[in-house]
Engineer: 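Can you keep this structure in mind? I'll have questions shortly.
Here is the naming used below: chain letters follow the sequence lines, and residue numbers restart at 1 for every chain.
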2 protein chains.
Amino acid sequence: MPREKKPQNPPVKDKKGSKTSKSLIKRLPVYLRILDNLIRRDVDIISSRVLSDETGFTAEQIRKDLATFGAFGTRGTGYNTSYLREKLLKITGLDKQIRIVVVGSGHLGKALTRYNILKNPYVEIAGIFDANPDELDNEILGIKVQPMEDLPLLIKEQGIKVSMITVPAEVAQEVVDLLVENGITAILNFAPTKLRAPANVHIHNADLTIELQSLIYYSLEREKE
Amino acid sequence: MPREKKPQNPPVKDKKGSKTSKSLIKRLPVYLRILDNLIRRDVDIISSRVLSDETGFTAEQIRKDLATFGAFGTRGTGYNTSYLREKLLKITGLDKQIRIVVVGSGHLGKALTRYNILKNPYVEIAGIFDANPDELDNEILGIKVQPMEDLPLLIKEQGIKVSMITVPAEVAQEVVDLLVENGITAILNFAPTKLRAPANVHIHNADLTIELQSLIYYSLEREKE
DNA sequence: CAGTGTGTGTTAAAATATTAACAAGTTTGT
DNA sequence: ACAAACTTGTTAATATTTTAACACACACTG
Ligand SMILES: NC(=O)c1ccc[n+]([C@@H]2O[C@H](COP(=O)([O-])OP(=O)(O)OC[C@H]3O[C@@H](n4cnc5c(N)ncnc54)[C@H](O)[C@@H]3O)[C@@H](O)[C@H]2O)c1
Ligand SMILES: NC(=O)c1ccc[n+]([C@@H]2O[C@H](COP(=O)([O-])OP(=O)(O)OC[C@H]3O[C@@H](n4cnc5c(N)ncnc54)[C@H](O)[C@@H]3O)[C@@H](O)[C@H]2O)c1
């Protein structure tokens, strides 16, 4: 029994000083995903309580997170799903599709490229690159793997700022250097190695090995009990 | 309509072990990896300062982390790489190879299975499973994809406690239920969905979409400057 | 074998993040 | 129109994590 409700239109931009913590920013895409699901199910209004059930975060935390950026809800009622989604899209920068490049068309690079083309409407794969000539024949859902030589031009021509790198750890640093040199400012790194870059370049590490190994720690702790 | 007063309890609250924080545990595999590299290069002694350079964590944090579990270093000198490695292996539980199963032999499942067989000496892939009959012909580095029907027996016979799941989000919960039912206590979930499990089961989410989307937030912040 | 340099381990302080409490709006029912 | 029922947004309290400081132990030197 969803009801239609539109809150007033308050100042949309950031609140005061940007006290946006890293962990908060990582929760925003989760909210966004839940909202997408809710909207698909024609739910118009959602309370922080129910949002808590869906996300696993506490209702207090959700309210606090959202309040960081403005007053998006209606007291006594909840949040309008479409309105909140729009706001979150603006905040995260996902309101316009972002073009990214993938470097390394190995197993992981292919899986990620494929996945993002099919399932992630918020990004567009502008290109995938590899140093191995044998890879250049391959095509992933219509996108041809290109040689590294073509990377600088494409990045600069299209003004691309974001890249995923799925190359062996040994060459990851040189790939980063190349990317940074050509204007990339944000890198999602899957290689299990520490990368160096200028302070204005953001590097996030998606270290799947760490995830698995730390999980094992917990699996053993549990057994003791 | 009756209403509950208390909100849902938050995901996981460690009652006793507040000593070892989640973030600390995630740093341990990083230390371990660096130590492996150092030992391979015949480095015998390492200071927290140099370890800081290699890992990106501060030297203070490294010393504090290690001191949580004991006094592994020598004052005035540093840490013996082999000795520290042994200690960390014991602490993380990686001293004996852990057998795990993979559920979902799609693109990501195949990449992960392959990677762990080739590059991760700390785990052994005991089996990979899929519900799609077409997948059953496939073989990943000698490991044949098995039907879901064979999963319970293998888990129970081999006493397997850890699993990675790489199935579509829509079926992830039912897979978790099946795994838990058969004795799995730790799950690394790659599906972008919140999973429910008994409190004694550890679920880690490796949400690659979140990583990419939160990175985009930062890439845009930078541009403003 | 004292003296000095070095880097750990521990304790204290600061910074962050989470949790809780509640006042302030909003809707609904009468 | 008013009160009851809700739920947000904000402020305060608590917990956790990180940073800093420094005393202490060991090694090396002359
Ligand atoms: N596959 C996984 O599940 C997994 C898990 C954890 C970590 N990783 C990490 O992700 C990265 C990729 O893994 P993968 O399994 O896809 O490896 P892969 O060997 O299948 O692919 C690596 C690709 O990088 C290309 N490459 C090599 N040098 C290059 C260079 N200088 N410039 C551009 N491309 C280059 C290779 O040609 C190859 O296609 C590795 O660092 C790996 O450690 C992968
Ligand atoms: N591939 C990526 O790069 C990527 C990135 C982010 C998230 N993910 C997530 O990881 C998961 C797997 O992604 P993928 O790209 O490998 O998908 P995929 O479609 O290639 O593979 C999914 C596999 O799961 C199997 N499966 C379906 N239902 C099953 C069931 N009930 N029991 C057992 N197996 C079942 C399918 O047969 C298929 O082989 C998805 O949830 C996806 O959202 C993937």
Engineer: Which whole-number value in Å describes the distance from B/Asn80 CG to C/dT8 C1'?
Structural biologist: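 Distance, rounded to whole Å: 14 Å.
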Engineer: Would you kindly give the OH-to-P distance between A/Tyr83 and D/dT8, to the nearest whole Å?
Structural biologist: 15 Å
Engineer: Roughly how many Å is it from CD in B/Glu60 to P in C/dG9, rounded to a whole number?
Structural biologist: 14 Å
Engineer: Below the 4.0 Å mark, does C/dG9 have OP1 or OP2 next to a side-chain nitrogen or oxygen of B/Tyr79?
Structural biologist: yes
Engineer: With sequence neighbours excluded, tell me which residues meet side-chain contact (heavy atoms from CB on, under 4.5 Å) with B/Gln97.
Structural biologist: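 In terms of side-chain contact (heavy atoms from CB on, under 4.5 Å), with neighbours along the sequence ignored, B/Gln97 is linked to B/Glu124.
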Engineer: Start with the C-alpha distance between A/Arg27 and A/Thr55, add both sets of side-chain angles, then the distance that settles side chain to side chain contact (heavy atoms under 4.5 Å, CB included), and finish with yes or no.
Structural biologist: CA-CA 9 Å; A/Arg27 285 192 292 269; A/Thr55 60; over 6 Å; no
Engineer: Would you tabulate the pairs of protein nitrogen or oxygen atoms and nucleotide nitrogen or oxygen atoms of nucleotides 25-30 of chain D closer than 3.5 angstrom?
Structural biologist:
none

Engineer: What's the CG-P distance between B/Asp65 and D/dT18, to the nearest Å?
Structural biologist: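 B/Asp65 atom CG is separated from D/dT18 atom P by 8 Å.
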Engineer: What are the two closest non-hydrogen atoms of A/Val162 and B/Ser219, and how far apart are they?
Structural biologist: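 Scanning both residues, the minimum pair turns out to be CG2-OG, 3.6 Å.
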Engineer: Using a cut-off of less than 4.0 Å, is there contact between a side-chain N or O of B/Arg27 and OP1 or OP2 of D/dT18?
Structural biologist: yes
Engineer: Taking B/Ser48's backbone N and O only, do any of them form a donor-acceptor pair with B/Ser52's side chain (distance below 3.5 Å, no angle check)?
Structural biologist: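 Side chain of B/Ser52 to backbone of B/Ser48: no pair is present.
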Engineer: Flag the pair B/Glu54 / B/Ile62 as yes when at least one side-chain heavy-atom distance between them is below 4.5 Å, and no otherwise.
Structural biologist: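 The answer is no; the side chains never approach within 4.5 Å.
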Engineer: Could you state the CD-C1' distance from A/Gln61 to D/dT10, rounded to the nearest angstrom?
Structural biologist: 16 Å
Engineer: Which nucleotide sits closest to the side chain of B/Arg63: C/dT8, C/dT19, C/dA12?
Structural biologist: C/dT8
Engineer: May I have the distance from B/Leu84 (atom CG) to C/dG7 (atom P), rounded to whole angstrom?
Structural biologist: 16 Å
Engineer: I need the NZ-P distance between B/Lys22 and C/dT18, as an integer number of Å.
Structural biologist: 11 Å
Engineer: Pair A/Gln173, A/Asp177 - check side-chain hydrogen bond (donor to acceptor under 3.5 Å, both in side chains), show working.
Structural biologist: CA-CA 6 Å; A/Gln173 184 61 60; A/Asp177 294 343; 2.9 Å; yes
Engineer: Any heavy-atom pair between the side chains of A/Leu112 and A/Tyr115 that's under 4.5 Å?
Structural biologist: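 Of all side-chain heavy-atom pairs linking A/Leu112 with A/Tyr115, none is under 4.5 Å.
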Engineer: How close or far is atom C1' of D/dG9 from atom CD1 of A/Ile62, stated in whole angstroms?
Structural biologist: 14 Å
Engineer: Are the side chain of B/Thr166 and the backbone N or O of B/Phe190 linked by a donor-acceptor pair below 3.5 Å?
Structural biologist: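 No; zero donor-acceptor contacts below 3.5 Å.
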Engineer: List in numerical order all residues of residues 43-55 of chain B for which some heavy atom is under 4.0 Å away from an atom belonging to DNA chain C.
Structural biologist: B/Ser47, B/Ser48
Engineer: So B/Leu89 and B/Leu32, side chain to side chain contact (heavy atoms under 4.5 Å, CB included) or not? Walk me through it.
Structural biologist: CA-CA 8 Å; B/Leu89 284 177; B/Leu32 213 36; 3.7 Å; yes
